[in-house]
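Report on one structure; see the data block that follows.
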Amino acid sequence: MNRSEEDELKYTEDMICNNFSNYSAWHNRSLLLSNLLKRKVEGFVSKEKVLPDEYEFVHQAIFTDPDDQSGWFYHLWLLDQTVRVDSPQLVSSWPTPGSDLILLGDRCLDGCASSPFTRFYLDSRTFPLVLYFNQSVEGVNSSTITVDSELNTNKDLVWKPLSSCNSKAAQVWVTQLNLPDGNTHSSKVFPVEVSLGHSQGIISSSGFHYSNPFCFAFRVSLQLVETQPVEGLGKEIISWRDESFHNYNAHSQDSSPISSLYQLSIKNDNELTDFEWRAATIAKEIDHFRELLSLINCKIGKLTLARLLMAHDAMTCPPANKFSHSEEVLELYNDLMRLDPMHVQYYKDQHSLVLLQQVTSSWESLLSRCFHYSNSPSNRGSPMCLQLKNLSLSRLGSFDKLLWVQMLDLSHNELRSIEGLEALQLLSCLNLSNNILGSFTALEPIRQLKSLRALNISYNEIGAHSIDTTKYLCSSPLSHSVGSEWNHGQTVIDDDIKSYWEAYFILKGLNLTQFDIVGNAIVNEKFKSFLIKVLPGLKWLDGEQLH
Amino acid sequence: MGELAADKHVKYIISVEKKKDSFESVVMEHLRLNGAYWGLTTLDILGKLDAVDEEDVISWILKCQDESGGFAGNIGHDPHVLYTLSAVQVLALFDKLDILDADKVSNYVAGLQNGDGSFSGDIWGEVDTRFSYIAICCLSILQRLDKINVDKAVEYIVSCKNLDGGFGCTPGGESHSGQIFCCVGALAIAGALHHVDKDLLGWWLCERQVKSGGLNGRPEKLPDVCYSWWVLSSLIMIDRVHWINKDKLVKFILDCQDMENGGISDRPDDAVDVFHTYFGVAGLSLLEYPGLKPIDPAYALPVDVVNRIFFSKK
């Protein structure tokens, strides 16, 4: 017997009206509605018409008994349906549109007049082109993305998804462009034009195509000056102590490259359609939940209000007004930590994400955290270090705003995960000391950072835990995602690899010159000799020079 | 906080194994092989696997094998993947996987994959994501995953993903912690956890923790010690376990012990059984309770047993 879907929908309505504490009924309702909306069945063609009634319906459940969870997940689903933009969009890139980059080769120079935000140090013959989408996509390749420049032939470009395991989909994709020839006149400028959306192929996991033709350009020039070796990366030991860093004094001519990051809210036309009803719906929900909270101080009220305010801010243009509710949201999460201490770490993680959004929301705020790295104050030729230390961060985010970062200090936080950090393809120096990273597998994102030379993970908790919570989120022989080298016996499994397989998988293939690991339970003489075997290019281990 | 009465639990498990005429043994007769897995894995976690007669157990297990290659719950019963996995797991505990004809067992399991990637439990055809987990886990332990279409198996599991981030027994089935464990575990072993929305599912899972500190199976249900395994291991596999209060959960599990006669029950003051004893002890292992061997959240076997399977010199 085939009931019509509308009949089934009515049935769920009856069940819920009888007793709203019926999770099965809410689940079935969400499934039916989602199918009807997807197939655009008559009467369910537009979300704009359907969702308002559903919000009212679930309010009855939540506002009657805020502690009953039955309606919570349905409301979250409605919110997702209200804000979600189905088609993939480009959110950010490096190099940024309109930027003028100076790429410095191995022997970098001193006294450079240009802004440190336009100078990038590389010790390889290529530089990355990074595309950051709003969701995980497949099908990024030289047919769907055209890169027009003298530096490369487009069809030879290989695009890699930055994902763990063998997933063919990722939110962030990267390809390598050749550095200009070192013999070229050093002031020659090479324009690069990137276009996407001109042919179909980039597709999200839910089957929506990237369909917004977009083109951007940037310019690259190379400087290779043969002066005496100065603090090139990997030439001298990096010290993370405060004395090595000097406040960056902003000059007016610096404003262009970073502020272009904030003009990179690419005009996505889809975002503008339906904007009216989406914004109005969120605004109405905010009012409803403020009213609820004025009557009952409840957890679901505060949590939902925090989510609604963030959704509202994310939808707001222009960028100058973005995240105007951050302070209120941070306060809400602080309240929730007190109101619902059982889930304090969940609220802490959300708090960290909002804090990072706030910090990266304006270029003034970012700049206040940028420091020159230099062992001698007169040297202005060194990279810029973004300092995000001592912020009680338990989780990372806002990577789309941080693609330009080469040197990053995340020390003295409460990080147990660095999920998403693989997007920062320019990273060469990374400080994660004094956090709570619990295993090598938690460092999986680092495997994708091919430019990383100096890594500090001292004073974490590696080796201190019997249970590994990131074991299955990384590529390893236990999760059947490792390439043939392991499975076909090409890796000789000696006792060291057996004891330290996590460290082996994460570190092999990295080109580190400096590694700090003191203060982790796993460290002893045996482990240190294993490290030296796995990292043949290592020059300094825990501050000591190796031979 | 109370303490884990480890010795009492060891005595309880051994007594269950021996008293074949007890009520518990009789009602469990058809799934005795599952009971063996629960009891023996618990003993291993407590460091007391040597308290049983290994040869006795193994010879009985082999008598449960059917000519199809699959294992039944007891001698003379019908084969099913449920018992096949338990047999393979118990043999792994004793490091005796090599006495099996791995191809024969694997062919039985692989033969139960359907065209849409799903798995049936036995020749009678019932489909459930539990069987997807069982098949993938079993074949992985036997290192014969290439006998099935892993991509299709993953596709089917993903089709059972719900709008709340959880998973059901079949497409459209309501999210339930037990099914979630099976789907997340299967995806973990298959290297396909990128299909899980970790934040969305993580929040659904962490909200299983109720005031008493225990975990329930879905919204507005009572807490039960067995969810200390299913919810906890799922949270661990997606790296969101810090979203629950571990100390309160430890206390809940310890409160479910029978401190006099040994064993753990579903909630405080109820009758104990081997099933809940295993899930309580395994949960405590995942919570890094001192003195317990660490257990792998995907394979549900001690970590040293799993490492032995995958990292032995070939």
Side-chain angles (χ1 to χ4, degrees), chain A residues 21-24 26-28 30-31 34-35 68-70 72-74 76-77 80-81 136 163-167 169-170 205 341-349 394 416-417 419 442 465-473 475-482 486-487 489 492-494 497-498 501, chain B residues 140 145 150 162-166 168 172 174-175 184 187-195 198-200 202-204 206-207 209-211 213 218-221 235-245 248 285-288 292-299 303 306-307 310-314:
Chain A
S21 182
N22 183 338
Y23 192 76
S24 305
W26 287 110
H27 160 75
N28 283 311
S30 68
L31 200 57
S34 132
N35 285 333
D68 187 307
Q69 293 189 3
S70 307
W72 290 7
F73 305 92
Y74 191 77
L76 187 58
W77 174 69
D80 176 68
Q81 291 299 296
S136 188
S163 62
S164 62
C165 307
N166 289 329
S167 175
S205 54
M342 190 117 72
H343 299 108
V344 69
Q345 292 299 329
Y346 174 76
Y347 303 123
K348 249 193 144 286
D349 277 5
S394 58
R416 51 169 60 79
S417 152
E419 226 177 284
H465 293 281
S466 51
I467 299 292
D468 184 349
T469 62
T470 38
K471 183 152 61 156
Y472 289 100
L473 295 173
S475 307
S476 83
L478 291 180
S479 66
H480 290 270
S481 56
V482 160
W486 180 269
N487 293 324
V492 175
I493 310 171
D494 60 20
I497 292 184
K498 254 171 68 172
W501 69 266
Chain B
S140 182
L145 258 186
V150 177
N162 291 319
L163 299 168
D164 53 19
E174 189 184 334
S175 298
V184 172
L187 292 175
I189 295 173
L193 274 178
H194 53 272
H195 290 290
K198 303 193 284 288
D199 287 335
L200 184 60
W203 185 58
W204 191 95
C206 82
E207 284 294 341
Q209 187 164 39
V210 297
K211 273 213 188 68
R218 50 192 175 121
E220 302 305 305
K221 300 285 175 181
L235 282 169
I236 284 179
M237 286 189 273
I238 61 173
D239 193 22
R240 297 292 185 270
V241 67
H242 57 286
W243 284 357
I244 59 163
N245 182 319
K248 289 201 89 174
S285 166
L286 287 180
L287 293 165
E288 299 185 73
L292 302 179
K293 270 172 94 177
I295 189 168
D296 181 283
Y299 289 94
V303 170
V306 175
N307 285 352
F310 291 100
F311 295 113
S312 299
K313 296 194 174 65
K314 293 192 214 262

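Bear in mind the structure is a predicted one, so any value in this text is a computation, not a measurement. Chain letters run A, B, ... following the sequence lines, proteins first and then strands; every chain starts at 1.
Chain A forms the most heavy-atom pairs under 4.5 Å with one residue out of B:V306, B:D199, B:L292, and that residue is B:D199. Ranked by heavy-atom pairs under 4.5 Å with chain B, the first of A:T470, A:I467, A:N28 is A:I467. The residue among B:H194, B:K293, B:K221, B:E220 with the most heavy atom pairs within less than 4.5 Å of chain A is B:E220. With chain B as partner, the option from A:Y472, A:Y347, A:W72, A:W77 having the largest number of non-hydrogen pairs under 4.5 angstrom is A:Y472.
For B:L193, the part lying near chain A is the side chain, with the backbone staying farther off; criterion is any non-hydrogen pair under 4.5 Å. Only the backbone of B:I238 comes within contact range of chain A, with at least one heavy atom under 4.5 Å from a heavy atom of that chain. Contacts between B:V150 and chain A at a heavy-atom distance below 4.5 Å are absent for every atom of the residue. If you measure heavy-atom distances from B:V210 to chain A, the contacts under 4.5 Å come from the backbone alone. Contact annotation for A:S34: only side-chain heavy atoms (C-beta onward) come within less than 4.5 Å of a heavy atom of chain B. For A:L31, the parts lying under 4.5 angstrom from a heavy atom of chain B are both the backbone and the side chain. In this structure, the portions of B:L286 lying under 4.5 Å from any heavy atom of chain A include both its backbone and its side chain. Only the side chain of A:S21 comes within less than 4.5 Å of a heavy atom in chain B; its backbone stays farther off.
Looking at B:K248, its side chain does come within 3.5 Å of a backbone N or O of B:K211 through a donor-acceptor pair. A donor-acceptor pair under 3.5 Å is formed between the side chain of B:E288 and the backbone N or O of A:S466. Of the possible donor and acceptor atoms, one in the side chain of A:H343 sits under 3.5 Å from a partner among the backbone N and O of B:C206.
Looking at A:D349 and B:R240, no side-chain N of the basic residue comes within less than 4.0 Å of a carboxylate O on the acidic one, giving no salt bridge.
Looking at B:Y299 and B:S140, their side chains do bring a donor and an acceptor atom within 3.5 Å of each other.
Using bins of under 30°, 30° to 60° and over 60° for the plane-to-plane angle, the ring pair A:F73/B:W204 lands in the tilted bin.
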